[in-house]
Visitor: 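Take a look at the following structure, please.
This one's a predicted model, so the numbers in the text were calculated from it and none came from an experiment. Quick note on labels: first sequence line is chain A, next is B, and so on, each numbered from 1. Only heavy atoms go into these numbers, but all of them, side chains included; no hydrogens, no water, no symmetry mates.
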2 protein chains.
Amino acid sequence: MGVTIKDVANLANVAPSTVSRVIADSSRISEKTKQRVRSAMKELGYHPNIIARSLANQTTEAVGLVMPSSADKVFQNPFFPEVLRGISTGAHENKRAIYMSTGETEEEIFAEVVQMVQGRRVDGLILLYSKVDDQVLSYLQEQSVPFVVIGKPFKHSESITFVDNDNFKAGKEATEYLIESGHERIAFIGGSLELVVTIDRLTGYDKAIQKANIPYRDEYVIHEEFLQKGGKEAVCELLSLKERPTALVVADDLMALGVLNTLDEMGISVPEDISIVSFNNVLIAEMARPALTSIDINIFELGYQAVRCLIKQIETPYAVAEQVRVPHKMIKRQSCKTIQMTKR
Amino acid sequence: MGVTIKDVANLANVAPSTVSRVIADSSRISEKTKQRVRSAMKELGYHPNIIARSLANQTTEAVGLVMPSSADKVFQNPFFPEVLRGISTGAHENKRAIYMSTGETEEEIFAEVVQMVQGRRVDGLILLYSKVDDQVLSYLQEQSVPFVVIGKPFKHSESITFVDNDNFKAGKEATEYLIESGHERIAFIGGSLELVVTIDRLTGYDKAIQKANIPYRDEYVIHEEFLQKGGKEAVCELLSLKERPTALVVADDLMALGVLNTLDEMGISVPEDISIVSFNNVLIAEMARPALTSIDINIFELGYQAVRCLIKQIETPYAVAEQVRVPHKMIKRQSCKTIQMTKR
DNA sequence: TTGTACGCGTTATCAT
DNA sequence: ATGATAACGCGTACAA
């Protein structure tokens, strides 16, 4: 079918190996021969067969992306397109292709990862999630395949390369901001406790209220999915309490949007009655009414840095694990209000 | 390094070709041998090298995705994650992997496509956009590589397999709905005229007002980017007119959100002062306040059907081009209002 | 039913 | 500086 290295070799009157060297721009080939070979390549419309090259030199120039298991729901969250954009940019700068997992259940995804790795389809992988007891992660570790986690691994994080925000600090700052604004009845609406990001932000929240001598209340901490539906359900729970919170720390913008709309339906206004700080600062945070005060976690950079780390790992085997902290920043908008201090 | 077909053959005391046949579950191998080989594979932890397989049988079991050139902006639109979800689901059902382009400029993307195709990295491609005079499309046609366009190709659409909505009809219906609600001063805010989808919806709009004997006004037709920023700019233009429109057909939910917020800032209320119908019905259409009346174009299905068509094309060479129309449906919400008829 | 031998397109090693 | 040849791991026509 296609034109191969042999065809080029014939036309240029050289050996196939010479053509190969010209492709690699080897310094041991005379400039004259290079010219001849190159014009032969052009004339024939030659393009190297990447598959054959991969087989010969055991490298693919491709990185694998492992999506979270609930792929159907996950794409609804703007986090993923944005992190994908960062990854895409990084991959492109490093001339790497992207290979995506398509599985939906955990088992399917695991099988795909094994395929990618053992099938030598990719040189390394990026995990777009981080959860407790992940078999994919264990597998990659024992195979010693280069990989990077976006988010902090639950265990052995010292020996794993990961890119993450300081979610503890972010959670703490969000909460402190509300405390400084005079709030004391502050609730936390987070995602699943299986996700390390939830744990970190919650711990930060905890630390902040503790530091301010505000008692921790179990009924003020709610866990739902990272979607607006989760936000809705959380609000219903919280508003049924005797002592309603005056402020909410919501672990995701999309959830916060659900919260916003539910509160609106119930005639509770933000920020007059309830203040909200959320996380991620995706587009909708700005577009919401009122616009949401949100912690910008620089999602693009998470993806971009993940690729950088991965390439580094691929190119320098036995490199030590690297931990990258992407800085966050609170973007203040209209969803928070200072209230009267109740004591002292 | 890894364990190969030969290792398995040795352990099972058979020839490598026998192992290969067991993998393919050939009917010409005795059940007894199969068992023996399989247990050998298990014992050694064997996994086929997909790269080698690809080289041998000239197939990759992977499909390539070509993103639009302005990758940075494009991911902000919820259209893409959703179509990606459809593609991902379809690919998974067909046991195909996904390769994504990472280039940003048109030239980069073109080079990548050539790599994918000539490098035999993919068996076929899906174009996630459709624009006038696309060199990628021309290239794929002349190479006779299986490919599917999401959206309608501008030229030669009969000979190209594509998956699209009936955007003409959708544009017409949206406009007719407003006309039936008593509106006559109806503006159209669309994306770039380079995009076929814009052309189709605009033509539908045109047809509808023509049919209703409403004169076409140049100043009522505006083209901006498919983002909320575009929506904002469009509104400013329209509201500076002497005769302000009473209704808007906005070609994208995200733009509509921009429109909504801009109108809000200017103290113009929706739907009391201006009615809006938009397209795509992504999550934010529902979450916007007021919730947007939007034409649901079934984005997931666009992606899903695209994969189906592509696989079909890959598996049956020389198949005729197929055109799939994904049905749309208007979702009525709170952004439209019936107004007093002015004449007759 | 199973084995032998060659080809897929490239790179790498060893000659020259 | 260049050529011949052997891998890379698998599929398959042909032989047995």
Side-chain angles (χ1 to χ4, degrees), chain A residues 1-38 40-41 44-62 97 114-123, chain B residues 1-41 44-62 114-123:
Chain A
M1 279 289 294
V3 28
T4 78
I5 211 170
K6 284 179 189 169
D7 303 323
V8 177
N10 284 340
L11 183 61
N13 267 326
V14 293
S17 48
T18 303
V19 178
S20 178
R21 290 189 185 105
V22 174
I23 294 170
D25 203 19
S26 161
S27 58
R28 318 185 311 185
I29 300 287
S30 72
E31 205 50 47
K32 209 173 62 187
T33 316
K34 280 188 184 174
Q35 294 303 335
R36 197 150 38 90
V37 171
R38 287 199 179 114
M41 297 199 308
L44 296 175
Y46 168 78
H47 279 272
N49 183 319
I50 299 179
I51 297 291
R53 172 182 293 174
S54 289
L55 184 59
N57 66 10
Q58 308 283 39
T59 180
T60 65
E61 311 286 287
V114 173
Q115 281 279 325
M116 286 193 200
V117 173
Q118 313 260 15
R120 301 275 183 270
R121 256 192 143 128
V122 297
D123 296 332
Chain B
M1 278 293 293
V3 30
T4 77
I5 212 169
K6 284 179 189 169
D7 303 324
V8 177
N10 283 340
L11 183 60
N13 267 326
V14 293
S17 52
T18 303
V19 178
S20 178
R21 290 185 185 108
V22 173
I23 294 170
D25 203 19
S26 161
S27 57
R28 318 186 311 186
I29 300 288
S30 73
E31 205 49 46
K32 209 172 63 187
T33 316
K34 280 187 186 173
Q35 294 303 336
R36 195 148 40 90
V37 171
R38 288 201 178 111
S39 70
M41 298 199 308
L44 296 175
Y46 169 79
H47 279 272
N49 183 318
I50 299 179
I51 297 292
R53 172 183 293 176
S54 290
L55 186 59
N57 66 11
Q58 306 282 42
T59 180
T60 65
E61 309 288 285
V114 173
Q115 281 279 326
M116 286 194 196
V117 173
Q118 313 260 16
R120 302 275 183 269
R121 256 191 144 130
V122 297
D123 296 332

Visitor: Separation of B/K6 atom NZ from C/dC6 atom P, in whole Å?
Guide: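 Nearest whole value for this atom pair: 14 Å.
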Visitor: Which part of the nucleic acid, if any, lies within reach of A/V19 when heavy atoms closer than 4.0 Å are counted: base, sugar-phosphate only, or nothing?
Guide: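 Nothing, no nucleic acid heavy atom in range.
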Visitor: For C/dG9, does either OP1 or OP2 sit under 4.0 Å from a side-chain N or O belonging to A/T4?
Guide: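 It does not, given that no N or O in the side chain of A/T4 lies less than 4.0 Å from OP1 or OP2 of C/dG9.
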Visitor: If you take all heavy atoms of B/D123 and B/E61, which pair is closest and at what distance?
Guide: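 So the minimum-distance heavy-atom pair works out to OD2-N, 2.7 Å.
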Visitor: Would you say the base of D/dA4 and the side-chain of A/S17 have a donor-acceptor pair closer than 3.5 Å?
Guide: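 When only heavy-atom distances are counted, A/S17 does reach the base of D/dA4 through a donor-acceptor pair under 3.5 Å.
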Visitor: Check whether any side-chain N or O of B/T33 sits under 4.0 Å from OP1 or OP2 of C/dT2, and answer yes or no.
Guide: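 Looking at the OP1 and OP2 atoms of C/dT2, one of them is under 4.0 Å from a side-chain N or O of B/T33.
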Visitor: Could you work out which one of C/dT2, C/dG3, C/dC14 sits closest to the side chain of B/I29?
Guide: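 Of the candidates, C/dT2 comes closest.
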Visitor: Taking donor-acceptor contacts at under 3.5 Å, does the side chain of B/R120 reach the base of C/dT10?
Guide: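 Counting by modelled atom types and ignoring angles, no donor-acceptor contact under 3.5 Å is found here.
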Visitor: Over how many whole Å does the gap from B/Q118 atom CD to C/dG9 atom C1' extend?
Guide: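 Computing the B/Q118:CD to C/dG9:C1' distance gives 14 Å.
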Visitor: Under 4.0 Å: is that the gap between some side-chain N or O of A/T18 and OP1 or OP2 of D/dG3?
Guide: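 Result: yes.
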Visitor: Separation of B/I5 atom CD1 from D/dC8 atom P, in whole Å?
Guide: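 Checked: the CD1 to P distance equals 14 Å.
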Visitor: Can you pull out the residues from residues 47-56 of chain A that lie within a 4.0 Å heavy-atom distance of DNA chain D?
Guide: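 Contacting residues: A/L55, A/A56.
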Visitor: What's A/D7 touching, base or sugar-phosphate or nothing? Going by heavy atoms closer than 4.0 Å.
Guide: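 Counting heavy atoms under 4.0 Å across all strands, no contact is made by A/D7.
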Visitor: Think A/Q58 has a side-chain N or O under 4.0 angstrom from the OP1 or OP2 of C/dA12?
Guide: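 It does not, given that no N or O in the side chain of A/Q58 lies less than 4.0 Å from OP1 or OP2 of C/dA12.
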Visitor: With nearest nucleotides of DNA chain C determined for B/N57 and B/A15 from heavy-atom distances, which residue corresponds to the more 5′ nucleotide?
Guide: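 Between the two, 5'-proximity favours B/A15.
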